[in-house]
2 protein chains.
Amino acid sequence: MKIYAGGVDGNRSLERGIEILRAFRPGIDTLGNSEIAERTGLARSTVSRLTRTLVNTGMLDEAPDTKGYRLAASVIGLGHAMRSGSPVLNTIGPLMRAESFKRKLNVGLATADRTMMVYLESVRYSPRATLRNIVAGQQIPMELTSLGRAYLAGLGKPERTALITQFKRRTAAATRALLDEVSASIATVERQGYCSVSWQRGVLAVAAPLVVDGLPVYALNMSLQDVEPSDALAAELGAYLLAFASKCKAALSM
Amino acid sequence: MKIYAGGVDGNRSLERGIEILRAFRPGIDTLGNSEIAERTGLARSTVSRLTRTLVNTGMLDEAPDTKGYRLAASVIGLGHAMRSGSPVLNTIGPLMRAESFKRKLNVGLATADRTMMVYLESVRYSPRATLRNIVAGQQIPMELTSLGRAYLAGLGKPERTALITQFKRRTAAATRALLDEVSASIATVERQGYCSVSWQRGVLAVAAPLVVDGLPVYALNMSLQDVEPSDALAAELGAYLLAFASKCKAALSM
DNA sequence: TCCGGCAGTTCCACTTAGTGGAATTTAGGG
DNA sequence: CCCTAAATTCCACTAAGTGGAACTGCCGGA
């Protein structure tokens with residue numbers, strides 16, 4: 001009874017290489033081999049070989065005095081390829097920009113990467129209309145935000161519970177109360193189509209799932225800064241969001 | 001005389017996995033396994049296993065009816081991490097935005113990915129000042145643009161010739177004349193610090209290398225749309241660019 | 001409904017390519 | 001100039017990955 005490596009689960013070296021890339025979280029400048037080895041739990045020699053490969057393939061740059069590595073420019077090239085290939089972003093992006101302009105608020109589209117939500121696009125409205133900022137790739141925690149909770153609500157039961165298990169494992173602290181909040185938000189989405197969380201002072205955000213079959217689940221959000229969060233305001237935003245979400249769904253199914 | 005695999009050149013599976021990711025060029029929506037196999041020259045079974053791994057690690061999503069894969073959201077997460085970790089972009093980015101605003105022109109910062117230039121940031125100035133667009137990750141060919149040629153000029157001889165060899169291999173057509181143009185541009189950069197190419201009608205662009213030691217070579221560019229390219233205009237832009245480049249260098253060496 | 005034709009996956013004998021611990025080299029820092 | 005820490009290389013070992021072939025499932029015609 002022999003077990004064959006090929007064809008069962010993934011390719012180990014590739015998995016590890018990707019894990020190394022992922023060790024570069026936002027804000028991190030350079031990582032040395034031993035630091036990577038520590039974070040990933042790989043043998044130092046293995047890391048040395050894999051980072052070399054990643055440099056050769058152009059995914060990492062060797063930093064100054066070879067004391068470390070940083071992500072290379074080709075990863076943003078990939079990011080651009082992803083965005084420009086995404087049919088969802090391509091159809092919804094323009095709608096988001098128009099909506100942001102019309103309603104004078106921030107509009108975001110995101111989906112999950114493990115337990116983080118990552119923005120495909122986030123259109124930031126600024127009262128000083130001279131600059132409109134569009135950000136992509138920013139990551140925010142799933143459990144804490146309306147965006148993430150709306151995403152969870154859009155997911156099937158099994159995936160959802162898998163993620164919730166991960167939250168438990170990840171954050172030992174703040175567990176019980178937080179998980180209850182999460183379930184409450186999910187229930188709210190199921191009832192009224194959106195949920196609202198104000199996790200930063202003066203910021204009100206509402207979010208709704210965007211489920212199109214055959215595609216990953218997405219979530220849309222709208223938010224306002226420098227306001228006094230209130231139920232009335234949340235309801236108003238929620239109404240806008242629901243209208244916008246259904247417009248998006250319509251545009252996608254054409 | 002045995003040759004040991006570990007430790008010599010890179011890890012084969014990882015190399016191949018990355019090559020698969022790279023097969024998703026901008027604008028491509030989905031790729032199926034056999035299409036990938038074709039593009040990369042790998043065995044179909046190998047591709048099947050590697051794509052599975054890439055899905056497990058979150059780099060690819062399975063498209064609708066499993067007829068293909070697309071880049072997953074986590075690649076833009078990586079892109080964001082790269083940008084937010086880049087010390088060069090962090091110090092120069094704000095300067096670029098200010099400069100674009102002040103001079104009313106486009107300002108870009110890029111570096112190479114193989115034979116393409118990829119923008120870390122491209123600040124697009126629009127006369128309708130209500131929108132200023134910032135794009136990252138866009139790729140443009142190195143040989144055809146002032147940006148790419150300035151980059152080449154900033155490179156060491158060996159790297160430069162290696163790239164030029166690649167151009168020859170890549171584009172069979174338009175070789176001789178084009179290569180001469182490239183050398184001419186490089187010479188221009190060496191003489192006056194920048195070069196200028198107008199490869200699209202009505203667009204004038206000037207570019208200069210940005211070399212900071214211990215870091216990859218970058219290139220800065222400035223461009224104007226909807227103008228009649230002329231030597232006088234190019235000289236004016238060039239002067240702005242040189243001033244800006246030296247301001248950047250100063251900011252970086254602090 | 002049945003039959004190609006095709007894309008994807010699985011099987012499996014083969015062996016190379018990758019692994020990790022130990023030894024070695026390189027680089028600072030005091 | 002030595003001493004510590006990090007990175008790299010060495011190498012015996014074999015699990016892990018490979019590719020061709022067989023298999024499965026699907027769609028489009030007729």
Side-chain angles (χ1 to χ4, degrees), chain A residues 1-21 23-24 28-57 59-72 213-215, chain B residues 1-21 23-24 28-57 59-72 213-215:
Chain A
M1 180 150 173
K2 200 167 184 227
I3 294 168
Y4 289 97
V8 183
D9 37 54
N11 177 300
R12 189 167 52 143
S13 320
L14 179 52
E15 246 167 31
R16 291 171 164 190
I18 301 290
E19 228 38 61
I20 288 178
L21 289 180
F24 291 84
I28 286 183
D29 181 13
T30 66
L31 286 178
N33 274 339
S34 36
E35 211 166 350
I36 295 175
E38 228 173 284
R39 281 169 198 248
T40 56
L42 300 172
R44 304 215 324 286
S45 47
T46 304
V47 170
S48 178
R49 274 173 270 130
L50 293 177
T51 49
R52 200 206 321 296
T53 306
L54 289 169
V55 169
N56 290 339
T57 54
M59 305 300 287
L60 291 180
D61 282 334
E62 273 166 297
D65 9 26
T66 199
K67 72 169 103 232
Y69 301 92
R70 41 168 64 94
L71 292 173
D213 73 33
L215 288 178
Chain B
M1 178 151 175
K2 199 166 182 225
I3 293 169
Y4 289 96
V8 184
D9 37 53
N11 177 299
R12 190 168 50 148
S13 321
L14 178 52
E15 248 168 30
R16 290 171 164 188
I18 300 291
E19 229 37 61
I20 289 178
L21 289 180
F24 292 84
I28 287 184
D29 181 12
T30 67
L31 286 178
N33 275 340
S34 35
E35 211 167 349
I36 295 174
E38 228 173 286
R39 281 169 198 247
T40 56
L42 300 172
R44 305 217 325 286
S45 48
T46 304
V47 170
S48 177
R49 275 173 269 131
L50 293 177
T51 49
R52 201 207 319 294
T53 306
L54 289 169
V55 170
N56 290 339
T57 55
M59 304 302 287
L60 292 181
D61 281 335
E62 274 166 297
D65 8 28
T66 201
K67 75 169 100 232
Y69 301 92
R70 40 168 64 96
L71 291 172
D213 72 32
L215 288 179

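Below, chain A is the first sequence line, B the second, and so on; all start at residue 1.
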Identify the two heavy atoms, one from B:Ala63 and one from B:Thr30, that lie closest to each other, and give their separation to 0.1 Å. CB-CG2, 3.8 Å
I need the CD1-P distance between B:Ile20 and D:dG17, as an integer number of Å. 14 Å
Does B:Arg16 place a side-chain N or O at less than 4.0 Å from the phosphate oxygens OP1/OP2 of D:dG17? no
May I have the distance from A:Arg12 (atom CZ) to C:dT19 (atom C1'), rounded to whole angstrom? 6 Å
Options C:dT10, D:dA16, D:dT9, nucleotide nearest the side-chain atoms of A:Ser45: D:dT9
Using a cut-off of less than 4.0 Å, is there contact between a side-chain N or O of B:Ser48 and OP1 or OP2 of C:dT9? yes
Length of the CD-P vector between A:Glu15 and D:dA15, whole Å: 18 Å
From C-beta outward on B:Asn11, which listed nucleotide comes closest to its side chain: C:dT19, D:dA7, D:dG19? C:dT19
Qualifying residues under salt bridge (Lys or Arg N to Asp or Glu O under 4.0 Å), relative to B:Arg12, sequence neighbours excluded: none
Test side-chain contact (heavy atoms from CB on, under 4.5 Å) applied to A:Ser13 - qualifying residues, sequence neighbours left out: A:Asn11, B:Asn11, B:Ser13
Gap between atoms CG and C1', on B:Leu14 and D:dT18 respectively (whole Å): 16 Å
Estimate the overall bend of the helix from C:dT1-D:dA30 to C:dG30-D:dC1 from the end axes over five pairs each, rounded to 10 degrees. 50°
Report the residues that fulfil side-chain hydrogen bond (donor to acceptor under 3.5 Å, both in side chains) with B:Arg16, sequence neighbours left out, ordered by chain and then residue number. none
Without decimals, in angstroms, what is the distance between B:Leu42 CG and C:dA17 P? 14 Å
What is the distance, rounded to the nearest whole Å, between atom CD of A:Glu62 and atom C1' of C:dT26? 14 Å
Separation of B:Leu42 CG from B:Ser48 OG (nearest 0.5 Å): 12.0 Å
Only one of A:Thr57, A:Asn56, A:Leu50 passes side chain to side chain contact (heavy atoms under 4.5 Å, CB included) with B:Leu14; say which it is. A:Leu50
What is the distance, rounded to the nearest whole Å, between atom CG of A:Asn56 and atom P of D:dT8? 12 Å
In whole Å, what is the span from the CG atom of B:Leu50 to the P atom of C:dA17? 15 Å
Check whether any side-chain nitrogen or oxygen of A:Ser13 sits under 4.0 Å from OP1 or OP2 of C:dT19, and answer yes or no. yes
With sequence neighbours excluded, what pairs up with B:Glu38 under the side-chain hydrogen bond (donor to acceptor under 3.5 Å, both in side chains) test? none
If you compare every side-chain N and O of B:Arg44 against the phosphate oxygens of D:dC23 (OP1, OP2), does one of them come in below 4.0 Å? no
Sorted by number, the residues of residues 30-41 of chain B with heavy-atom contact under 4.0 Å to DNA chain D: none
Return the set of residues passing salt bridge (Lys or Arg N to Asp or Glu O under 4.0 Å) with A:Arg39 (not counting sequence neighbours), or none when no residue passes. A:Glu35
Less than 4.5 Å apart, side chain to side chain, heavy atoms only: is that true for A:Arg70 and A:Asp29? yes
Kindly point out which of D:dG19, C:dT19, C:dT10 is positioned nearest to the side chain of B:Arg52? C:dT10
Nearest-0.5 Å distance, CD1 of residue A:Ile36 to CG of residue A:Leu60: 7.0 Å
